[in-house]
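Any value given below was found using the heavy atoms of this structure, including those in side chains, with hydrogens, waters and symmetry copies removed.
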Amino acid sequence: MNEQITVNLNNLTEEEREQFKTLVDKGRGKSSRESCVWKPKKGEVYYYINDCNVSIADFWNNVYVDKDRWKIGNIFKTEKEADFAKEKAKVKRELERYALEHNDSEKEAWDGNNFHFEIACGYLSKECICVSTNTGPYRGESITYFTSKEIAEGAIKSVGKDRILKYLFGVDCEEETND
């Protein structure tokens with residue numbers, strides 16, 4: 001069956017246009033990657049992290065504050081997801097601060113002469129965090145680098161191996177051992 005329908009999009013609200021586009025794509029058999037990104041519907045409850053680092057519930061009204069939170073990734077389906085995001089951000093900041101406080105400034109240059117170390121997770125074992133070197137002229141996006149293996153290992157000990165595994169690599173750890 002091939003039905004053709006003409007719709008004047010000017011008669012629809014922005015929310016109705018989004019729903020219409022989703023339905024048209026579904027009808028065409030298209031699976032949009034964008035549809036994998038959750039965005040609340042008008043009146044739907046979502047959670048965000050406020051400036052006091054508290055997870056707060058709010059209703060999506062499609063106003064600027066909702067849209068701004070969504071743009072920076074501060075929209076979560078559940079309070080548990082928001083709390084996880086807070087802890088993940090804390091672990092990331094702790095590693096970054098450790099690197100800033102302990103890295104050797106003379107070895108930080110990305111000139112091909114210095115070794116840089118990063119924290120990585122062995123996805124097969126999901127048990128250990130290993131520190132790998134990166135000597136090329138390329139830097140990875142959002143990776144905290146250390147100027148020595150010892151500094152990276154110190155960061156793991158300081159921040160906590162289980163916290164790093166859980167919040168940065170998604171490995172479920174039963175209890176924190178800090179080793």
Problem set entry | Side-chain heavy-atom pair W70, V37 within 4.5 angstrom cut-off | yes

Seminar exercise, completed: Nearest heavy-atom contact between Y98 and S158 is CE1-CB, 3.7 Å

For this session: May I ask whether F115 and I156 are part of the same hydrophobic cluster, defined by side-chain heavy atoms of I, L, V, M, F, W, Y residues being less than 4.5 angstrom apart, directly or through others?
Result: yes

Exercise. At their closest point, which heavy atom of I75 faces which heavy atom of W60, and how far apart are they?
Worked result: CD1-CZ3, 3.9 Å

Problem set entry | Donor-acceptor contact below 3.5 Å, side chain E44 vs main chain P40 | no

Exercise. If every non-hydrogen atom of Y47 is compared with every non-hydrogen atom of E79, which pair is closest and at what distance?
Worked result: CD1-N, 3.4 Å

Exercise. Would Y167 and F84 count as a ring pair (Phe, Tyr, Trp, His ring centres under 6.0 Å) if you check the C-alpha gap in whole Å, the side-chain angles of each, and the deciding distance to 0.1 Å?
Worked result: CA-CA 7 Å; Y167 294 108; F84 189 92; 4.8 Å; yes

For this session: Taking only Lys NZ, Arg NE, NH1 and NH2, and the carboxylate oxygens of Asp or Glu, determine whether D83 and K80 approach each other closer than 4.0 Å.
Result: no

Exercise. So does K88 have more than 12 non-hydrogen atoms from other groups sitting under 6.0 Å from NZ?
Worked result: no

Exercise. With distance as the sole test, does N50 use its side chain to make a donor-acceptor pair with the main-chain N or O of C52 at under 3.5 Å?
Worked result: yes

For this session: For residues C121 and V171, determine if any side-chain heavy atom of one lies less than 4.5 Å from a side-chain heavy atom of the other.
Result: yes

Problem set entry | Residues E96 and R93 bridged, charged N to O under 4.0 Å | yes

Problem set entry | Shortest non-hydrogen contact between R163 and E87, atoms and distance | NH2-OE1, 4.0 Å

Problem set entry | Residue pair D66 / Y46, side-chain donor-acceptor N/O under 3.5 Å | yes

Problem set entry | Side-chain donor or acceptor of D104 paired with backbone N/O of E106 under 3.5 Å | yes

Exercise. Does atom NZ of K67 have more than 12 heavy-atom neighbours from other groups under 6.0 Å away?
Worked result: yes

Exercise. Is any side-chain heavy atom of E108 less than 4.5 Å from a side-chain heavy atom of F146?
Worked result: no

Seminar exercise, completed: Interatomic distance, CZ@F117 vs CD@E153, rounded to 0.5 Å, equals 9.5 Å

Exercise. Can you name the side chain to side chain contact (heavy atoms under 4.5 Å, CB included) partners of A85, sequence neighbours left out?
Worked result: I49, F76

Exercise. Quick one: OG on S55 to OH on Y48, what's the gap to the nearest 0.5 Å?
Worked result: 10.0 Å

Exercise. Taking C-beta and beyond as the side chain, do Y145 and I143 meet within less than 4.5 Å on heavy atoms?
Worked result: yes

Exercise. Run the side chain to side chain contact (heavy atoms under 4.5 Å, CB included) check on K166 and V91 step by step: do they pass?
Worked result: CA-CA 10 Å; K166 179 177 181 177; V91 168; over 6 Å; no

Exercise. Do I151 and T147 have side-chain heavy atoms sitting under 4.5 Å apart?
Worked result: yes

Exercise. How long is the span from the OG1 atom in T13 to the NZ atom in K42, to the nearest 0.5 Å?
Worked result: 8.5 Å

Exercise. L168 versus L95: any side-chain heavy-atom pair under 4.5 Å?
Worked result: yes

Problem set entry | Heavy-atom check, side chain of D68 versus side chain of V65, under 4.5 Å | no

Seminar exercise, completed: Rounding to 0.5 Å, atoms CG (N113) and NZ (K107) come to a distance of 12.5 Å

Seminar exercise, completed: Taking every heavy atom of S142 against every heavy atom of K92, the minimum-distance pair comes out as O-NZ, 2.8 Å

Exercise. Are any of the side-chain heavy atoms of I164 and I119 separated by less than 4.5 Å?
Worked result: yes

Seminar exercise, completed: What one should report as the nearest heavy-atom pair of T144 and A99 is CG2-CB, 3.8 Å

